[in-house]
Amino acid sequence: MSSRKLRRVHGLRSEIVNRLAKDGILTCKDVLQKNVLELLKSTGANYQEVLAIQKAAYSLWKESDHQKSFFQTTLVDLDKQLHGGLKCGTITEIAGPSGCGKTQFCIMLSVLAVLPQDAGGLDASVIYIDTEAAFSAKRLVEIASNRFPDLFNSEESLIQLSQRVYVYWESTCSSLWERLQRLEEDVISKRVKLIILDSVASLVRKEFDSRVSRNLNERTALLSKEAIILKYLAETFHIPVVVTNQITTRFVGEGPGVGNVFDKTQTFQDADGGVGAEPEDDDGSRVTVALGNTWSHAVNTRLIVQYLDEKFRQILVSKSPIAPFGTFIYTIQAEGIVLERQNSLREELGGNPSLQNIQVRSAF
């Protein structure tokens with residue numbers, strides 16, 4: 001992690017950064033590979049300031065070198081499947097239908113990020129961008145006090161928790177874009193190690209009609225710019241970025257007509273502009289993740305959440321650079337997301353054949 005950019009070194013003047021850049025010294029690693037005389041020549045600074053630069057670069061390198069590679073969700077079986085949890089420096093997407101627990105998952109992750117490192121947390125602040133007014137401070141406190149009763153057992157500890165979760169409500173695409181452009185400064189000043197965007201889909205699907213080619217192009221361009229910023233923040237600060245996404249329906253047209261952009265060749269296309277495989281359902285439709293292929297390529301890990309019945313839900317590891325496909329059954333309880341053990345689950349499901357033989361659709 002010694003490749004950290006020098007502009008992140010606390011107290012390093014911008015003119016010094018620019019002088020070093022002219023000599024190709026851009027990162028902490030570059031500084032640590034130079035001796036004092038070389039740095040004196042490059043910076044034009046005095047001896048004491050050069051020593052301070054070396055010390056600051058070494059401190060940032062040491063801090064970065066001890067950063068975690070994964071952020072544990074505390075869902076033991078899921079973390080094991082993901083080889084440690086949500087990979088830092090990448091974007092993880094949680095996609096699924098409304099009410100299935102995406103926001104619950106994100107609020108739980110917010111609690112986990114604030115925890116001390118010796119308790120499995122990141123000991124840091126969280127930026128939570130809410131585009132659907134779904135975040136609940138009451139639920140944050142409820143999950144914390146029930147999941148970690150020994151750590152959050154007083155009003156003071158719960159207040160400290162709430163003060164480290166910075167919630168921004170953005171109701172338009174333009175306000176969200178402006179917020180994303182200002183995030184880097186917030187990450188540094190607030191010691192943020194987790195960014196959550198809940199949700200990435202709601203605003204663009206509300207403001208852009210993807211059935212119109214021009215709107216689809218504009219929306220794709222906006223999503224691409226948002227993805228670039230989120231990936232930059234994840235990689236630069238080596239932190240996990242979590243986004244939630246909605247689902248959409250892919251269907252087959254039956255020929256030209258009002259509201260039907262498909263021809264008689266039965267081209268299969270979704271409402272978000274992506275082209276997929278043949279449909280599976282009798283009505284010529286199936287459910288898939290929203291926002292199409294362009295956004296999908298920006299996501300490193302994709303978790304799908306879906307209903308099984310009124311009580312049980314399912315997490316699917318649908319996409320990961322390191323983890324194989326996997327499924328996990330969960331419920332939503334006072335302490336947040338809780339995985340169900342498979343043996344006890346089979347007993348509880350009893351003779352319900354629709355749940356005992358769970359079929360996962362390849363659409364995801």
Side-chain angles (χ1 to χ4, degrees), residues 1-8 26-29 60 64 67-71 73 82-95 102 105-106 109-110 113 122 124-131 166 168 170 173-204 217-246 272-274 289-304 317-323:
M1 293 301 172
S2 52
S3 60
R4 292 296 186 191
K5 299 294 184 181
L6 284 177
R7 56 188 175 75
R8 286 194 58 204
L26 304 173
T27 67
C28 293
K29 180 179 180 180
L60 183 59
S64 302
Q67 285 182 327
K68 293 184 176 182
S69 297
F70 294 91
F71 173 38
T73 68
L82 296 173
H83 296 278
L86 307 185
K87 192 168 184 354
C88 297
T90 68
I91 298 176
T92 298
E93 179 187 77
I94 304 172
K102 301 187 297 295
F105 205 149
C106 290
L109 292 176
S110 299
L122 301 176
S125 299
V126 179
I127 286 179
Y128 195 116
I129 303 175
D130 184 3
T131 66
Y166 297 88
Y168 302 110
E170 307 298 345
C173 286
S174 59
S175 67
L176 174 59
W177 173 240
E178 291 174 2
R179 173 63 60 189
L180 291 177
Q181 290 179 293
R182 299 195 301 268
L183 275 190
E184 183 174 10
E185 181 179 345
D186 288 338
V187 169
I188 296 172
S189 63
K190 294 178 171 62
R191 290 190 65 250
V192 170
K193 291 188 179 179
L194 173 64
I195 296 174
I196 294 174
L197 173 53
D198 181 21
S199 93
V200 69
S202 60
L203 297 182
V204 292
N217 291 337
E218 291 178 355
R219 194 188 74 168
T220 300
L222 176 60
L223 286 170
S224 297
K225 291 192 298 182
E226 291 177 351
I228 288 172
I229 287 183
L230 292 173
K231 289 180 75 71
Y232 167 79
L233 293 171
E235 294 171 0
T236 300
F237 297 99
H238 191 63
I239 61 176
V241 171
V242 177
V243 300
T244 66
N245 196 357
Q246 299 173 350
D272 289 300
V289 177
L291 302 185
N293 294 330
T294 300
W295 171 257
S296 179
H297 292 318
V299 174
N300 301 103
T301 301
R302 170 172 282 163
L303 305 179
I304 305 293
V317 180
S318 173
K319 175 184 178 183
S320 169
I322 58 174

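Residues Lys102 and Ile94 come closest through the heavy atom pair CD-O, 3.6 Å. The shortest heavy-atom contact between Glu170 and Leu203 is O-CD1, 3.7 Å. Contact between Pro240 and Leu194 at its shortest, heavy atoms only, is O-CD1, 3.5 Å. Of all heavy-atom pairs spanning Ala113 and Phe71, the tightest one is N-CZ, 3.7 Å. In terms of heavy atoms, Ile239 sits closest to Leu233 at CG1-O, 3.9 Å. The nearest pair of heavy atoms linking Lys87 to Phe70 is CA-CD2, 3.7 Å.
Between Asn245 atom CG and Ser202 atom OG the span is 9.5 Å, to the nearest 0.5 Å. In this structure, Lys190 NZ and Ser125 OG are separated by 8.5 Å, a value rounded to the nearest 0.5 Å. Atoms CG and OG1, from Leu230 and Thr90 in turn, are 11.5 Å apart once rounded to the nearest 0.5 Å. With rounding to the nearest 0.5 Å, the separation of CD in Glu218 from SG in Cys173 is 10.5 Å.
Residues passing the side-chain hydrogen bond (donor to acceptor under 3.5 Å, both in side chains) test with Ser110: none are found, sequence neighbours excluded.
Taking 4.5 Å as the limit, every side-chain heavy atom of Leu291 sits out of range of all side-chain heavy atoms of Ser296. Within the 4.5 Å cutoff, side-chain heavy atoms of Leu183 are placed close to those of Ile195. Residues Arg179 and Asp186 form a side-chain contact, since some pair of their non-hydrogen atoms from C-beta on lies under 4.5 Å apart. The shortest distance between side-chain heavy atoms of Thr131 and Leu197 falls below 4.5 Å. Side-chain contact check for Thr244 versus Glu93: every heavy-atom pair is 4.5 Å or farther apart. Between Val126 and Val192 the shortest side-chain heavy-atom distance does not fall below 4.5 Å.
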| request: List the steps and the verdict of side chain to side chain donor-acceptor pair (under 3.5 Å) for Asp130 and Tyr168. | output: CA-CA 6 Å; Asp130 184 3; Tyr168 302 110; over 6 Å; no
| query | So Trp295 and Val200, side chain to side chain contact (heavy atoms under 4.5 Å, CB included) or not? Walk me through it. | reply | CA-CA 10 Å; Trp295 171 257; Val200 69; 3.7 Å; yes
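Note that Lys193 lies outside the cation-pi zone of Phe237, set by a 6.0 Å cut-off to the ring centre and a 45° limit from the axis.
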Determine all donor-acceptor pairs shorter than 3.5 Å in which one atom belongs to a side chain in residues 222-229; sequence neighbours excluded.
{"from": "Ser224", "atom 1": "OG", "to": "Thr220", "atom 2": "O", "distance (Å)": "2.9"}

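At distances below 3.5 Å, not a single donor-acceptor pair connects side-chain atoms of Asn300 with backbone N or O atoms of Thr92. Checked by atom type and distance alone, the side chain of His83 never pairs as donor or acceptor with a backbone atom of Ala323 at under 3.5 Å.
A side chain to side chain contact (heavy atoms under 4.5 Å, CB included) with Ile129 is found for one member of Ile196, Leu176, Val243 and no other, namely Leu176.
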